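Only a predicted model underlies this, so the values are computations on that prediction, with no experimental measurement involved.
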Amino acid sequence: MQLKSHARTLAIALSLAVVAGCSSTGGSQDGDMDGGLAGSDRDGVSTGTADGRGVSGDRAGQMTDADGRIPATRTIYFEYDSDAIRNEFEPVLTAHARFLRANPSATVILQGHTDERGTREYNLALGERRAGSVERYLNVQGVSPSQVEVVSYGEERPAARGANEQAYAQNRRVVFAY
């Protein structure tokens, strides 16, 4: 009888350990950034291609917000080794939240990306934290969690090739894929 009680206690302790091990604090170390996209022709505006940076096909005509469109800017950028949303992108996120609230049947995949620095595993986790930060922002703005999916590509799908700060800055991003 006492052995059964110990087994139950051990099972609960192991379950809590697994849950604690899977949770994330969401924090990261902030790094410096020397201007990021300054001078870049991208300026945070995506090209509108079907690879997650825009809308194509029939779905583009099916989803409209109060202005009749999915927000044009579908990419937001992050500082080095950070998952904190930069103030300059809050209006972009608010526009996406407004669109998603106005279109409850619309869904979005938040694709988290990193630059090539760091291990593959670390970058996958950082990309997920970045997309998770955007998801939490949207949820606070009233977007249903069922409308949002998070995926991390880490360093695997760079937007820009190169080993310089301008390329790195373009790769540290979350893309809204409708």
Side-chain angles (χ1 to χ4, degrees), residues 19-20 22-33 35-38 40 42-49 51-55 59-60 62-115 117-118 122-160 168-178:
V19 169
C22 292
S23 69
S24 171
T25 60
S28 65
Q29 296 177 335
D30 288 343
D32 59 338
M33 186 166 140
L37 298 171
S40 170
R42 291 180 58 103
D43 291 327
V45 177
S46 67
T47 61
T49 62
D51 65 354
R53 290 178 283 167
V55 176
R59 294 183 72 195
Q62 294 174 0
M63 296 184 233
T64 58
D65 67 1
D67 297 333
R69 311 178 82 116
I70 294 174
T73 303
R74 295 183 191 99
T75 305
I76 66 165
Y77 297 92
F78 292 81
E79 292 189 15
Y80 173 72
D81 199 24
S82 174
D83 60 1
I85 295 171
R86 293 165 36 184
N87 291 339
E88 66 196 84
F89 292 109
E90 287 184 14
V92 173
L93 296 178
T94 301
H96 283 281
R98 189 177 322 116
F99 170 78
L100 289 165
R101 282 192 320 264
N103 297 280
S105 63
T107 59
V108 66
I109 300 172
L110 301 174
Q111 302 172 338
H113 300 271
T114 65
D115 61 38
R117 298 173 287 185
Y122 181 82
N123 286 338
L124 283 170
L126 180 57
E128 186 170 350
R129 286 198 319 266
R130 287 175 174 164
S133 292
V134 173
E135 179 184 34
R136 284 187 298 278
Y137 186 97
L138 295 174
N139 290 340
V140 167
Q141 296 294 316
V143 174
S144 171
S146 66
Q147 292 180 270
V148 182
E149 183 181 340
V150 168
V151 65
S152 176
Y153 292 110
E155 64 190 80
E156 302 301 319
R157 296 185 179 184
Y168 293 154
Q170 290 181 25
N171 292 331
R172 298 187 302 256
R173 69 196 190 282
V174 167
V175 177
F176 286 77
Y178 285 97

Side-chain donor-acceptor contact under 3.5 Å, His96 with Tyr137: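 Short answer, no.
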Any side-chain donor near an acceptor of the partner, Arg130 and Ser133, under 3.5 Å: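 Judged by distance alone, the side chains do not pair up.
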Is a donor on one side and an acceptor on the other found under 3.5 Å between the side chain of [X] and the backbone of [Y]?
| X | Y | value |
| --- | --- | --- |
| Asn171 | Ala160 | yes |
| Arg172 | Phe78 | yes |
| Thr114 | Glu155 | yes |
| Arg101 | Gln141 | yes |
| Asp83 | Leu126 | no |
| Gln147 | Asn103 | yes |

Trace of the side-chain contact (heavy atoms from CB on, under 4.5 Å) decision for Leu93 with Phe176: CA-CA 10 Å; Leu93 296 178; Phe176 286 77; 3.4 Å; yes
Residue pair Val108, Val143: steps toward the side-chain contact (heavy atoms from CB on, under 4.5 Å) verdict: CA-CA 11 Å; Val108 66; Val143 174; over 6 Å; no
Flag if over 12 foreign heavy atoms under 6.0 Å of CD, Glu128: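 12 or below, so no.
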Val175 vs His113, side-chain contact (heavy atoms from CB on, under 4.5 Å): CA-CA, chis, key distance, verdict: CA-CA 8 Å; Val175 177; His113 300 271; 4.0 Å; yes
Nearest non-hydrogen partners of Ile70 and Phe99, listed with the distance: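 That closest heavy-atom pairing would be CG1-CZ, 3.4 Å.
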Residues Asp115, Tyr80; criterion side-chain contact (heavy atoms from CB on, under 4.5 Å); working and verdict: CA-CA 8 Å; Asp115 61 38; Tyr80 173 72; 4.1 Å; yes
